[in-house]
Amino acid sequence: MLWLKAFHIVVVISWFAGLFYLPRIFVNHAMATEPAEIARLKLMEHKLYRFVTPISWLVLASGLWLWFGFGFSGGWLYTKVALVLFLFAYHGYCGKLVKLFAADQNTRGHVFYRWFNEIPVLSLIAVVILVTVKPF
């Protein structure tokens with residue numbers, strides 16, 4: 001199970017790298033004015049989202065395997081699961097935003113995306129505290 005735990009940590013780190021970087025690309029895209037820059041950012045968004053999505057499924061699969069393999073329980077776990085489900089919804093919404101940017105239909109400014117970019121950071125802090133401290 002230690003190999004599985006190590007694998008889970010690696011794929012979680014990889015997934016979060018994408019969740020941190022994709023909204024940052026949205027910030028730049030919302031500010032971009034040059035057609036070449038916009039085209040490059042669209043390509044970056046598409047490729048990153050397509051790369052990170054399968055990693056998110058590895059996070060889910062390895063996390064469920066750990067949960068049922070170790071038999072974790074407690075309120076902390078259910079709160080963590082709720083946060084992870086929220087992050088999957090966040091990931092899905094990022095996919096919707098990728099499509100909106102690709103179709104030149106973005107209506108939000110860079111300030112929105114700067115705040116939007118903080119959501120996975122705060123979620124990660126909460127998840128790490130829940131898993132490490134197990135406060136309840």
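What's counted below: heavy atoms across the whole structure, side chains too, no hydrogens, waters or symmetry copies. One-based numbering along the sequence shown.
There is a path of hydrophobic side-chain contacts, each under 4.5 Å, that joins Val121 to Leu87. Residues Leu85 and Phe68 share a single hydrophobic cluster, defined by chaining ILVMFWY side chains whose heavy atoms lie under 4.5 Å apart. One hydrophobic cluster holds both Trp57 and Val127 under the rule that ILVMFWY side chains link at heavy-atom gaps under 4.5 Å. Follow the hydrophobic side-chain contacts under 4.5 Å out from Val10 and you never reach Phe70; the two are in separate clusters. Leu58 is not connected to Ile13 by any chain of hydrophobic side-chain contacts under 4.5 Å among Ile, Leu, Val, Met, Phe, Trp and Tyr, and they are in different clusters.
Counting only distance, with no hydrogens or angles, the side chain of Thr53 and the backbone of Arg50 share no donor-acceptor pair below 3.5 Å. Side chain of Lys47 to backbone of Met44: no donor-acceptor contact under 3.5 angstrom is found. Distance alone, capped at 3.5 Å, places no donor-acceptor pair between the Thr132 side chain and the Ile129 backbone.
Considering CH2 of Trp15 and CZ of Phe20, their distance stands at 10.5 Å, rounded to 0.5 Å. Considering CD of Glu45 and NZ of Lys99, their distance stands at 13.5 Å, rounded to 0.5 Å. Remark: Met31 CE to Ile38 CD1 distance equals 12.0 Å, nearest 0.5 Å. Here the CZ-CG distance, from Phe136 to Leu77, works out to 10.0 Å after rounding to the nearest 0.5 Å. Separation of atoms NE2 (His29) and CZ (Phe26) is listed at 9.5 Å; rounding is to 0.5 Å. Of the inter-residue distances, the one linking Asn106 atom CG with Tyr113 atom OH reads 3.5 Å to the nearest 0.5 angstrom.
The shortest distance between side-chain heavy atoms of Trp67 and Val81 falls below 4.5 Å. Counting only heavy atoms from C-beta outward, the side chains of Arg24 and Arg114 approach each other to under 4.5 Å.
Counting all heavy atoms, side chain and backbone alike, Leu19 lies closest to His91 at CD2-ND1, 3.8 Å. For Ser73 against Trp76, the heavy-atom pair with the smallest separation is O-NE1, 3.3 Å. Closest of all the heavy-atom pairs between Cys94 and Leu22 is CB-CD2, 3.7 Å. Scanning all heavy atoms of the two residues, the minimum distance from Ile55 to Val11 falls at CG2-O, 3.4 Å. Across all their heavy atoms, Lys80 and Val131 have their closest contact at CD-CG2, 3.6 Å. Closest non-hydrogen pair, Pro23 versus Tyr90, comes out as CG-OH, 3.2 Å.
Other residues, nucleotides and ligands place no more than 12 heavy atoms under 6.0 Å from the OH atom of Tyr21.
Ring centroid separation for the pair Phe101 and Tyr49 does not come in under the 6.0 Å cut-off.
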